[in-house]
Amino acid sequence: MVEVLPIDLRSRRTAIELLTDPELVEKELVVAGWAEHIRVIGRLVFIVLRDRTSRIQLVVRKNLSQEAWKLARKLSVESAIAAKGVLKENDEAPGRRELVVHELIILSDAEPLPIDIREPEKTILAKRLDYRYLDLRNDKIRLIFKIQADIAGIYRETLRDKGFTEIFTPKILGAASEGGAEVFTIIYFKREAFLAQSPQLYKQLGVISGLERVFEIGPVFRAEQHHTPRHLTEYTSMDYEMGFISDFNQVMDVTEAFLKNATKKIIDKYGDLLGKYYPDALLEPVKEIPRMPLKEVQEILRREYGKEYPPGEDLDTEGERLLGEFLEKEYGYKAVFITKYPWGPRPFYTMPCICTENPGEECCRGLKPDTPTCSFDLIFRGLEVTTGGQRQHNYECLLKQVENKGVNPETLSWYIEMFKYGAPPHGGAGTGLERVVKQILGLKNIREARLLPRDPERLTP
RNA sequence: GCCGUGGUAGUAUAGCCUGGCUUAGUAUGCGGGCCUGUCAAGCCCGUGACCCGGGUUCAAAUCCCGGCCACGGCGCCA
């Protein structure tokens, strides 16, 4: 038996149509959505109905439809409902229009809500995440994910326009690829396998394969027990890799184009809402991104804040934050590329600067922790959002670098082999999507920027 | 992983320091009632809580230990 609803949802109109379409006034219309507010005023019930587009007020009068009125006065907040009625103009209605209802059905009744969805900041984030589907009923929260989707879209657009091909690489790996970050071990039938912590090696495969310019937007996994507002164990990495570059500035150009594009388009589209909902949101697009060698940055931090860094040391969290503050205050810069990181903290495939200045087999001999490399980080509003650089494409040098880092070449044999067959000079970068979203919106915690975050404790929902 | 702080109704908090003065306070939600122009509606009535385990004590929300969880700092990282 098929149950036929008394209201046909195929003729459903959206709230925004009811509010704006001049043709619809005085017409009989169907709407459906969630009952956001229910106000019972005696023989009169006001329901604010919310759908994906907007909200429209429904008025249910006892003298018009006793049946609908009875349902309406007992309706619970956030129930899914559908209504049929006549659209009227009324100065007292929000948006100056309301639907005078003569038929109402409850599609799905809602129990009392376990969290306050009207003001999300009143409930602790952990509780909101337990009920994320209810948390998202709030416009302000849904906005985060609309912006996230757009940022991923802008990344895709930016790279396609530059001739990059989107690829999809494995996330289940037979060998832990990069070292550095901890990897998750999983059981793959009867064998041990690993979750990808980065698409790095596969992006390079994409370049060498002849695609030349590739990108990927996909999940990566980091088995690190961080308890910070900027780490997740699973996040979305936006990566690209490009061949036939003359130096790593060309790589930074791509990341720079993306960040400028993203901030401009997001602010153009959502600037008003950002200002209204997120007091710390970025309201000015990123215009200029200076490129400063790490040594210079450390010199500034020493001079301005008295921070000391031994040679071959990366910045610490405080240093990143202070640098962001300083550049913003002094020059109005929202973002900065820190370049020429020393070999010590960088992975084995990183291109040492001496190899680009004086190519040859000798260039990668005797790399020391403080040897500068053609690599960079992008700090956006005081937080590292991107890491990138030029990669070593010389087979002999690569072997030396693998050895220098103490990586077992056998687990990487397929990768190292590639460099015997015409690997062009190349480089690329990886950007954390959630970090970009966090920094644009000025969110306090990265978990807010992930639909269903995973951290060392949380595995549900 | 180390360090710090915290865990009280559905939600958010007060009480904890100085154990008994508490029938655990407040706001909001929720249930019931009144109301034909509400718009975070209003008014009246009602409902509901000390994270788990152990210990100290005549007596534990309160003090001690362990666990779990949360938030943050650091290392590290996108």
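Chain A is the first sequence line, chain B the second, and so forth, proteins listed ahead of strands; every chain is numbered from 1.
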*Pair assignment for RNA chain B - dot-bracket with | for other-strand partners, Watson-Crick or G-U under 3.5 Å*: (((((((..((((......[....)))).(((((.......)))))....(((((..]....))))))))))))....
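- In this view, Arg132(A) and Asp135(A) satisfy the side-chain hydrogen bond (donor to acceptor under 3.5 Å, both in side chains) rule, not counting sequence neighbours.
- Mapping Thr431(A) and Gly42(A) onto RNA chain B by nearest heavy atom places Gly42(A) closer to the 5' end of the strand.
- OP1 or OP2 of rG72(B) has at least one side-chain nitrogen or oxygen of Asn445(A) nearer than 4.0 Å.
- Place Lys122(A) and Val385(A) on RNA chain B by their nearest nucleotides, and Lys122(A) ends up nearer the 5' end.
- Of the residues in residues 369-382 of chain A, none lies under 4.0 Å from RNA chain B by heavy-atom distance.
- Every residue meeting the side-chain hydrogen bond (donor to acceptor under 3.5 Å, both in side chains) condition with Lys140(A), not counting sequence neighbours, appears here in chain and number order: Glu121(A).
- Side chain of Arg222(A), nearest nucleotide from rA40(B), rC77(B), rC35(B): rC77(B).
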*Start with the C-alpha distance between Lys127(A) and Asp116(A), add both sets of side-chain angles, then the distance that settles salt bridge (Lys or Arg N to Asp or Glu O under 4.0 Å), and finish with yes or no.*
CA-CA 10 Å; Lys127(A) 190 78 80 179; Asp116(A) 185 344; over 6 Å; no
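- For the pair Thr386(A) and rA78(B), the criterion of a side-chain N or O lying under 4.0 Å from OP1 or OP2 is not met.
- Ring geometry for Phe248(A) against Phe376(A) counts as tilted: the plane angle lies between 30° and 60°, on a 0 to 90° scale.
- Residue Asn63(A) has its side chain nearest to rU36(B) when only rU36(B), rG10(B), rC34(B) are considered.
- Relative orientation of the Phe326(A) and Tyr305(A) rings is perpendicular, given thresholds of 30° and 60° on the angle between their planes.
- For rU36(B), the OP1/OP2 oxygens have a side-chain nitrogen or oxygen of Arg43(A) closer than 4.0 Å.
- If you check distances only, the side chain of Glu92(A) never reaches the base of rU38(B) with a donor-acceptor pair under 3.5 Å.
- Between rG10(B), rA40(B), rC76(B), one nucleotide has an atom nearer to the side chain of Arg118(A) than all others, and that is rA40(B).
- Counting non-hydrogen atoms of other residues, nucleotides and ligands closer than 6.0 Å to CD of Glu304(A) gives a total above 12.
- No side-chain donor-acceptor contact under 3.5 Å links Lys265(A) to the backbone of Lys260(A).
- Side-chain nitrogen and oxygen atoms of Lys74(A) include at least one within less than 4.0 Å of the OP1 or OP2 phosphate oxygen of rG33(B).
- Contact between the side-chain N/O atoms of Thr317(A) and the OP1/OP2 oxygens of rG75(B) is found at a separation under 4.0 Å.
- Not a single donor-acceptor pair under 3.5 Å links the side chain of Glu296(A) to the backbone N or O of Pro293(A).
- Looking at residues 227-235 of chain A, you'll see His227(A), Thr228(A), Pro229(A), Arg230(A), His231(A), Leu232(A), Tyr235(A) sit with a heavy atom under 4.0 Å from some atom of RNA chain B.
- Glu234(A) is linked by a side-chain hydrogen bond (donor to acceptor under 3.5 Å, both in side chains) to nothing, counting only residues two or more places apart in sequence or in another chain.
- Although no hydrogens or angles enter the test, the distance criterion places no donor-acceptor pair under 3.5 Å between the side chain of Arg222(A) and the main chain of Leu232(A).
- For His226(A) and rC2(B), the NE2 to C1' distance is 13 Å, given to the nearest whole Å.
- Listed nucleotides: rU38(B), rC30(B), rA40(B). Nearest to the side chain of Pro112(A): rC30(B).
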